[in-house]
Amino acid sequence: MNERRRDHIRVEEKFKSIRNITYDEVMSEFPGTVVKGIDLRTAHLADSWSSIRMPSARLNRSSWEWVKEYPYYQNRPNRFEISLWRDNILCALCYGQTSVSGTRVRMNLIESTPIRPSPLRSRALPIIAFSAAVFADIVGADELWVLDPDPKLEGLYIKEGFSSRATYHGKRVGQRRIL
Amino acid sequence: MIPDPNSKEGKEEIARRVQKRKSELEDVKKRAQNTPDDEPSGKLTSPSEIDRMRDRKNEDI
């Protein structure tokens with residue numbers, strides 16, 4: 001095994017520990033909610049939501065698929081990933097990443113179940129945003145971003161402590177939370 | 001600097017950072033419990049295909 005591969009494994013293990021600490025902390029504060037990472041089965045489950053037709057389901061949806069994104073994120077040791085479950089039902093999930101400089105954590109992909117009443121029995125975004133902030137604090141980041149937030153949901157993110165829509169790195173739109 | 005989650009000092013530093021964040025928990029829990037079924041469902045971010053490709057290629061954007 002070469003040195004670069006060993007470094008990759010070391011970093012992967014370190015961030016995996018940090019994600020697990022984050023999950024444990026969140027679970028201890030939200031009894032009944034199970035917090036995990038994202039495996040391939042989870043990605044397939046989330047993609048199956050697109051076939052659910054309910055009046056509560058927002059029809060204006062982006063086109064990405066979790067299964068297609070899965071291999072790319074799995075290969076990023078410094079990723080932020082989370083899935084929220086209750087009674088063995090997947091309720092919400094998020095993929096994000098830590099910048100190489102370590103000063104920013106960004107949430108790139110967020111989705112919650114279209115099923116209502118919500119099986120989570122609470123809103124998903126406050127828990128996901130709090131979890132991402134905990135993860136960002138542990139890795140020493142001082143900014144948390146949601147990238148490419150749905151423009152219609154700007155107010156929703158503002159309620160979670162994010163700024164109005166702003167430019168990220170000169171080319172993307174995001175909403176920032178200073179930690 | 002990222003604390004080492006396997007060392008005693010690292011664990012203590014992580015616990016300190018987590019505890020600091022927990023000061024906002026009361027408000028987070030209130031928001032989470034506020035009419036949960038009114039929360040918009042589905043995809044809450046909308047990156048373009050180009051942005052997703054950029055995310056896959058660039059490590060430091």
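Letters go in sequence order (proteins before strands), and every chain restarts at 1. Computation of the quantities below employed the complete heavy-atom set of this structure, encompassing side-chain atoms and omitting hydrogens, waters and symmetry-equivalent molecules.
The candidate with the highest count of non-hydrogen atom pairs below 4.5 Å against chain B, out of A/V173, A/N108, A/I21, A/T22, is A/N108. Each of A/P151, A/P117, A/S17 has some count of heavy-atom pairs under 4.5 Å with chain B, and the biggest count is that of A/P117. In terms of heavy-atom pairs under 4.5 angstrom with chain A, the leader among B/E24, B/Q33, B/M1, B/K20 is B/E24. Options B/P36, B/P5, B/P3 differ in how many heavy-atom pairs under 4.5 Å they form with chain A, and the most are formed by B/P36. For chain B, the option among A/F130, A/Y72, A/W64 with the highest count of heavy-atom pairs below 4.5 Å is A/W64.
There is no contact between A/L120 and chain B, counting heavy-atom distances below 4.5 Å. For a residue to count as touching a neighbouring chain, one of its non-hydrogen atoms must lie under 4.5 Å from one of that chain's; by this rule A/V139 touches chain B with backbone and side chain alike. Both the backbone and the side chain of B/D38 come within less than 4.5 Å of a heavy atom of chain A. Using a 4.5 Å cut-off between heavy atoms, A/S118 contacts chain B through both its backbone and its side chain. A/A141 does not touch chain B: none of its heavy atoms, backbone or side chain, sits under 4.5 Å away. Proximity to chain B is absent for every atom of A/T103, based on heavy atoms less than 4.5 angstrom apart. Using a 4.5 Å cut-off between heavy atoms, A/F15 contacts chain B through its side chain alone, with no backbone atom that close. Residue A/L109 touches chain B through both its backbone and its side chain, counting heavy-atom pairs closer than 4.5 Å.
Contact between A/A136 and A/L179 at its shortest, heavy atoms only, is CB-CD1, 3.4 Å. The heavy-atom pair separating A/P77 from A/E12 by the smallest distance is CA-OE1, 3.4 Å. The two residues A/P149 and A/Y157 come nearest to each other via the heavy atoms CB-CE1, 3.6 Å. Here the closest non-hydrogen pair linking A/L144 and A/A132 is CD1-CB, 3.8 Å.
Taking 4.0 Å as the cut-off between side-chain N and carboxylate O, A/R172 and A/D148 count as a salt-bridged pair. No salt bridge links A/E160 with A/R177; every basic N to acidic carboxylate O contact stays at or beyond 4.0 Å. Using a cut-off of 4.0 Å between Lys/Arg side-chain N and Asp/Glu carboxylate O, B/D51 and B/R54 are scored as salt-bridged. Salt bridge absent: A/E154 and A/R165 never bring a charged side-chain N and a carboxylate O closer than 4.0 Å. For A/E3 and A/R10, the salt-bridge test passes: some basic side-chain N is under 4.0 Å from an acidic carboxylate O.
Of residues 9-18 of chain B, those residues with a non-hydrogen atom less than 4.5 Å from any non-hydrogen atom of chain A are, in numerical order, B/I14, B/R17, B/V18.
With A/D87 contributing its side chain and A/I89 its backbone, the two residues share no donor-acceptor pair below 3.5 Å. At distances below 3.5 Å, at least one donor-acceptor pair connects side-chain atoms of A/S83 with backbone N or O atoms of A/G37.
Note on ring orientation: taking the six-membered ring where Trp is involved, the planes of A/Y73 and A/Y95 are parallel (angle under 30°, cut-offs 30° and 60°).
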